[in-house]
Undergrad: 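Take this structure, written in structure tokens, and hold onto it; I'll ask about it next.
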Amino acid sequence: MLSRFRLIIDIPRSATQNMALDEALVETQTADAMPCIRFYQWEEPAVTVGYFESVEKTVSRLQAGKKDLAVVRRLTGGGAVLHGKDLTFSLCARLPNPRIPSDVKDSYLKINEAIRMGLKENFSKIDYADCKTISSQSSRQKDRVCFESPSCYDLLLDGKKILGASQRRFGSAILHQSTLFIQKPFGELISMIRGGFETLW
């Protein structure tokens with residue numbers, strides 16, 4: 001059971017619904033639950049804020065109120081993300097899982113490796129952000145905007161960050177959320193990423 005994943009290709013939903021569904025999926029990761037990967041989009045532009053960030057400061061910084069954007073808190077960490085033109089997906093699983101390393105940084109690499117594998121045939125210049133040149137302090141900086149600067153193992157295309165991720169572990173369960181900004185129809189991107197996971201995992 002642990003080596004198989006349930007695939008959910010969801011309809012566009014509100015920011016509140018999207019975050020609530022990810023929360024429900026990770027809460028259902030009981031001993032006999034099948035891990036799942038959920039792809040989703042956004043009914044309208046919205047900002048998600050990392051679990052440890054200040055919503056008020058983020059709203060002020062992004063002037064989200066003036067744009068009348070919904071602002072919701074994620075269960076995972078990381079900086080603020082403006083959604084709307086991105087493809088987002090979450091991975092929920094019970095730990096330990098043979099596909100997901102116990103080390104947090106290694107798990108980011110393993111998941112992003114599958115995504116990169118799926119995309120590289122069409123986007124050959126995709127590469128990882130070099131962990132050696134990224135300040136570890138920047139990834140822990142409060143009230144930051146996620147796509148302003150890369151974190152270790154984020155995916156880059158022509159030097160620009162196109163994929164960021166955040167993760168949180170709840171005892172024996174993990175919720176990993178990734179956001180991809182790349183110019184391609186969503187259906188095609190989902191097929192590519194699925195192929196990457198199927199090949200690598």
Undergrad: Within this structure, what is the SG-CD distance for the pair C92 and E23, rounded to the nearest 0.5 Å?
TA: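 Answer for the SG-CD pair, C92 versus E23, is 10.5 Å.
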Undergrad: Between the side chain of R169 and the main-chain N/O of S102, is any donor-acceptor distance below 3.5 Å?
TA: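 Indeed, once roles are kept as given, a pair shorter than 3.5 Å links the two residues.
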Undergrad: Passes side-chain contact (heavy atoms from CB on, under 4.5 Å), F197 versus R99? Steps please.
TA: CA-CA 10 Å; F197 276 105; R99 304 291 185 225; over 6 Å; no
Undergrad: Is L21 reachable from F39 through a run of I, L, V, M, F, W or Y residues, each pair having side-chain heavy atoms under 4.5 Å apart?
TA: no
Undergrad: Side-chain contact, heavy-atom cut-off 4.5 Å: L180 with L119?
TA: yes
Undergrad: Could you pull out the closest heavy-atom pair between D86 and F186, with the gap in Å?
TA: O-CZ, 3.5 Å
Undergrad: With a 4.5 Å heavy-atom cut-off, do L91 and F5 have their side chains touching?
TA: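 Yes - at least one pair of side-chain heavy atoms lies under 4.5 Å apart.
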Undergrad: Could you pull out all residues at least two apart from N122 that satisfy side-chain hydrogen bond (donor to acceptor under 3.5 Å, both in side chains)?
TA: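 Residues passing side-chain hydrogen bond (donor to acceptor under 3.5 Å, both in side chains) with N122: none at all.
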Undergrad: What I'd like to find out is whether the side chain of Y128 reaches to under 4.5 Å of the side chain of L155, using heavy atoms alone.
TA: yes
Undergrad: Taking atom CD of E113 and atom OG1 of T199, what is their separation to the nearest 0.5 Å?
TA: 12.0 Å
Undergrad: What residue among L163, I111, L109 forms side-chain contact (heavy atoms from CB on, under 4.5 Å) with Y153?
TA: L109
Undergrad: Are the side chain of R74 and the backbone of T48 linked by a donor-acceptor contact shorter than 3.5 Å?
TA: yes
Undergrad: Rounded at 0.5 Å granularity, tell me how far CZ in R4 sits from CH2 in W201.
TA: 15.5 Å
Undergrad: Are I190 and I193 packed together at the side-chain level, in the sense that at least one heavy-atom pair is separated by less than 4.5 angstrom?
TA: no
Undergrad: Parallel, tilted or perpendicular: which describes the rings of W42 and H83, with under 30° parallel and over 60° perpendicular?
TA: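 The rings of W42 and H83 lie parallel, inter-plane angle below 30°.
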Undergrad: I'd like to check F123 versus K184 (side-chain heavy atoms, cut-off strictly below 4.5 Å). Are they in contact?
TA: yes
Undergrad: Could you check whether S172 and R94, counting side-chain N and O atoms only, form a donor-acceptor pair closer than 3.5 Å?
TA: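 Judged by distance alone, the side chains do pair up.
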Undergrad: Would a 4.5 Å heavy-atom cut-off, applied to side chains only, mark I182 and L87 as touching?
TA: no
Undergrad: Would a distance-only check, ignoring hydrogens and angles, find a side-chain to backbone donor-acceptor pair under 3.5 Å from N18 to Q41?
TA: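 At least one qualifying donor-acceptor pair exists.
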Undergrad: Enter the distance from T179:OG1 to I162:CD1 here, rounded to the nearest 0.5 Å.
TA: 12.0 Å
Undergrad: Let me check something: do L189 and L7 share a hydrophobic cluster, defined by ILVMFWY side-chain heavy atoms less than 4.5 Å apart, either directly or through other members?
TA: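 Shared cluster, yes.
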Undergrad: I'd like to know whether CD of E188 has more than 12 heavy-atom contacts from other residues, nucleotides or ligands below 6.0 angstrom.
TA: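 For E188, atom CD is crowded (more than 12 foreign heavy atoms under 6.0 Å).
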Undergrad: Looking only at heavy atoms, which two atoms of V72 and A15 are closest? And how far apart?
TA: CG2-CB, 3.8 Å
Undergrad: Could you check whether any side-chain N or O of R73 sits under 3.5 Å from a backbone N or O of G50, counting only pairs where one atom can act as donor and the other as acceptor?
TA: yes
Undergrad: Judged by atom type as modelled, is there a donor-acceptor pair below 3.5 Å linking the side chain of R116 to the main-chain atoms of I126?
TA: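 Yes: the side chain of R116 pairs with the backbone of I126.
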Undergrad: Do T76 and D22 come close enough that some side-chain heavy atom pair is under 4.5 Å?
TA: no
Undergrad: Report yes if some heavy atom in the side chain of S90 is under 4.5 Å from a heavy atom in the side chain of Y40; otherwise report no.
TA: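 A side-chain contact under 4.5 Å exists here.
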Undergrad: Nearest 0.5 Å, please: how far is CD in Q167 from OG in S107?
TA: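 Reported to 0.5 Å precision, the distance equals 3.5 Å.
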Undergrad: Do F170 and Y51 land in one hydrophobic cluster if side-chain heavy atoms of ILVMFWY residues count as linked below 4.5 Å?
TA: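 Result: no, two separate clusters.
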Undergrad: To the nearest 0.5 Å, how far apart are CD in Q29 and CE in M34?
TA: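 So the gap between those two atoms works out to 10.0 Å.
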Undergrad: Kindly give the heavy-atom pair with the smallest separation between D106 and D103, and that separation in Å.
TA: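 Smallest heavy-atom distance, with atoms named: N-OD2, 2.9 Å.
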Undergrad: Is it true that I8 and I174 fall in one hydrophobic cluster, defined by side-chain heavy atoms closer than 4.5 Å?
TA: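 Not linked; separate clusters.
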Undergrad: Answer yes if V71 and M19 sit in the same cluster of Ile, Leu, Val, Met, Phe, Trp and Tyr residues linked by side chain heavy atoms under 4.5 Å apart, and no otherwise.
TA: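 Different clusters.
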Undergrad: Could you please spell out the steps behind the side-chain contact (heavy atoms from CB on, under 4.5 Å) verdict for L75 and E27?
TA: CA-CA 12 Å; L75 280 180; E27 286 179 348; over 6 Å; no
Undergrad: If we ignore hydrogens and angles and just use 3.5 Å, is the side chain of N97 paired with the main-chain N or O of L95 as donor and acceptor?
TA: no
Undergrad: Where the side chain of Q17 meets the backbone of S14, is there a donor-acceptor pair that is under 3.5 Å apart?
TA: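 Checked: pair present.
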Undergrad: Provide the closest heavy-atom pair for D154 versus A165 in the form atom of the first, atom of the second, distance.
TA: OD1-N, 4.0 Å
